[in-house]
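Letters A, B, ... mirror the listed sequences (proteins, then strands); counts begin at 1.
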Amino acid sequence: MVIEVEPDGDMERLDTLSRDLPARDSLQPYLRDEIFPLLDMARWVDLLISYLDTGHVVSFSSIARSLGEPRAARAVGELAASGALRGPTHRIIYADGRVPDRSVIELGAELELDERGGSYHISDDLTLEDIKVASPPFEQLRNIQASMDHLLVEEQGRPASLCGIDISSKDDLNVVCLSVSGLDGDDIEHHCKQGSLPMPYVSGYLFYREGPLILPALDEAVKEGMVKEDTLLVLDGNGILHPRRSGIACQVGVAVDMMTCGVAKRLQVGKVEGNERETAGHRISDVRDGDDLLGFAVRTSRSKPVYLSRGNRMTLDHALESLLPSWHHKVPLPTRSAHERSNEVRRAISESPSGDLQVPPLVLHVAVNR
DNA sequence: GCGACAG
DNA sequence: ATCTTGTCGC
């Protein structure tokens, strides 16, 4: 049976807004004030499952497909497990008919369950519902990505400084850290900010999870003069080395009209080309998807490589050239610093005797020489 | 057992 | 991303 869902105000608004993107210089307020407040996946799932009557069930992957992204199935499961949903979460089961342990009692009260080999299933004659949404939200997110891609500029960027960006999270506590250094990795300054991340992690949509925290922090760092026009932003994730050539480094770069590139620890798409060239201290291979050169696999010594790709106002070669002087460890120094620092600050906040540091939004500005 | 998808 | 002490190796 197919259930047709009537989109709520948020979904309709996301649909409308995704149709025409504003000009480049209005992107930041558009994202901050219009788009980001609509990114509430728990509400999307809640709307869908609110259509399930007693005894009707759907699968996690089916909900993800209805929302427009099969890969979001795990995120649906995480939302259900975390208690973020208000609707009848016990009516969400696995695609093979198995019932999650935590739902057995509640669902068992609604319909017949079979026990086989230690786990419970719905009976074989019961079919899963299929929920249809007129404007799947993940489809709109892809539309926005595509529109932002059109604003992506590839040129020979000449950065004078570097800014590593990373987020450390545990439970509901998230801290972003921007670490700015010279091209050689010296004179590091940190800017940290605490905030919430309403969207769960879904592969391919990292910007929509981390952007709402990164962009405000970046705005502050610019106003303080820490980050300037000639600063290359180094994101923890991909640039064009992405299924739709639209990774977080591309979207952040276009949003703030700055130079960006991405450094990812795992390969999301593409293949590492066989022949590896040696430079002083680095071993570099091409990463290609078909004929397209999308990035470099870079490793120091014999460790596993990380994957560099360009974002906005940057070429792959110039990104590499800009990062090599500070690239002595597995990742460039500003990226490493941002990672360490965001972790330290996140722990300091969670360990602080409740009160002082806990009040969001928290802003720490610390200058350190390392 | 397969497949494995940034953080 | 997070869970995590000491330990092996360059």
Side-chain angles (χ1 to χ4, degrees), chain A residues 39 41 60-61 64-65 68-79 81-82 95-96 138 141-142 145 164-178 194-215 217 233-253 260-272 281-283 287 289 294-311 328-331 335-336 338-347 349-351:
Chain A
L39 303 184
M41 186 169 158
F60 292 99
S61 62
R65 280 197 306 274
E69 180 47 80
R71 284 179 169 179
R74 267 205 284 277
V76 174
E78 281 165 20
L79 288 172
S82 73
D96 61 6
F138 279 97
L141 299 187
R142 287 195 297 276
Q145 278 180 315
I165 303 176
D166 197 18
I167 293 180
S168 173
S169 305
K170 192 201 172 181
D171 299 327
D172 287 331
L173 179 57
N174 314 287
V175 173
V176 64
C177 184
L178 314 192
Q194 178 186 348
S196 60
L197 301 180
M199 278 289 284
Y201 168 72
V202 179
S203 177
Y205 303 82
L206 190 57
F207 172 73
Y208 300 103
R209 172 172 171 77
E210 301 195 339
L213 183 51
I214 290 176
L215 293 191
L233 308 179
V234 186
L235 278 294
D236 207 351
N238 291 307
I240 66 166
L241 184 50
H242 179 275
R244 297 179 295 280
R245 310 290 181 262
S246 187
I248 186 169
C250 300
Q251 291 192 276
V252 168
T260 57
C261 65
V263 174
K265 290 168 210 68
R266 297 189 309 191
L267 199 56
Q268 188 191 10
V269 73
K271 291 189 311 180
V272 178
H282 303 88
R283 297 170 186 199
V287 179
D289 192 7
L294 297 183
F296 291 143
V298 182
R299 63 192 185 110
T300 54
S301 73
R302 47 186 262 194
S303 57
K304 282 186 299 185
V306 296
Y307 306 94
L308 171 70
S309 58
R310 73 176 180 85
H328 309 304
H329 299 279
K330 185 172 182 177
V331 295
T335 298
R336 192 163 170 265
H339 186 79
E340 285 178 349
R341 192 72 181 183
S342 58
N343 251 303
E344 291 167 4
V345 171
R346 196 223 346 125
R347 289 192 164 154
I349 292 172
S350 66
E351 285 165 14

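- With a heavy-atom cut-off of 4.0 Å to chain A, the contacted part of DNA chain C has its first and last nucleotide at dA1(C) to dC10(C).
- Atom CZ of R283(A) has more than 12 heavy atoms from other residues, nucleotides or ligands within 6.0 Å.
- Considering D236(A), I214(A), I165(A) in turn, I214(A) is the only one that fulfils the side chain to side chain contact (heavy atoms under 4.5 Å, CB included) rule with I248(A).
- Around CZ of R347(A), the count of heavy atoms belonging to other residues, nucleotides or ligands within 6.0 Å does not exceed 12.
- Contacts of N343(A) with the nucleic acid, taken as non-hydrogen atoms under 4.0 Å apart, involve only primed sugar atoms and P, OP1 or OP2.
- Partners of Y208(A) according to the side chain to side chain donor-acceptor pair (under 3.5 Å) rule, which considers only residues two or more places apart in sequence or in another chain, are Q251(A).
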Checklist outcome for this item: Whether each nucleotide of nucleotides 2-7 of chain B has a protein heavy atom under 4.0 Å at its base (B), only at its sugar-phosphate (S) or at neither (-) is summarised, 5' to 3', as ---BBB
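- At least one donor-acceptor pair under 3.5 Å links the side chain of T260(A) to the backbone N or O of A249(A).
- Remark: the backbone N or O of G295(A) is not paired with any side-chain donor or acceptor of S309(A) at under 3.5 angstrom.
- Once rounded to the nearest 0.5 Å, the distance linking CZ of R310(A) with CG of L241(A) reads 11.5 Å.
- A distance of 8.5 Å separates CG of D172(A) from OG of S196(A), quoted to the nearest 0.5 Å.
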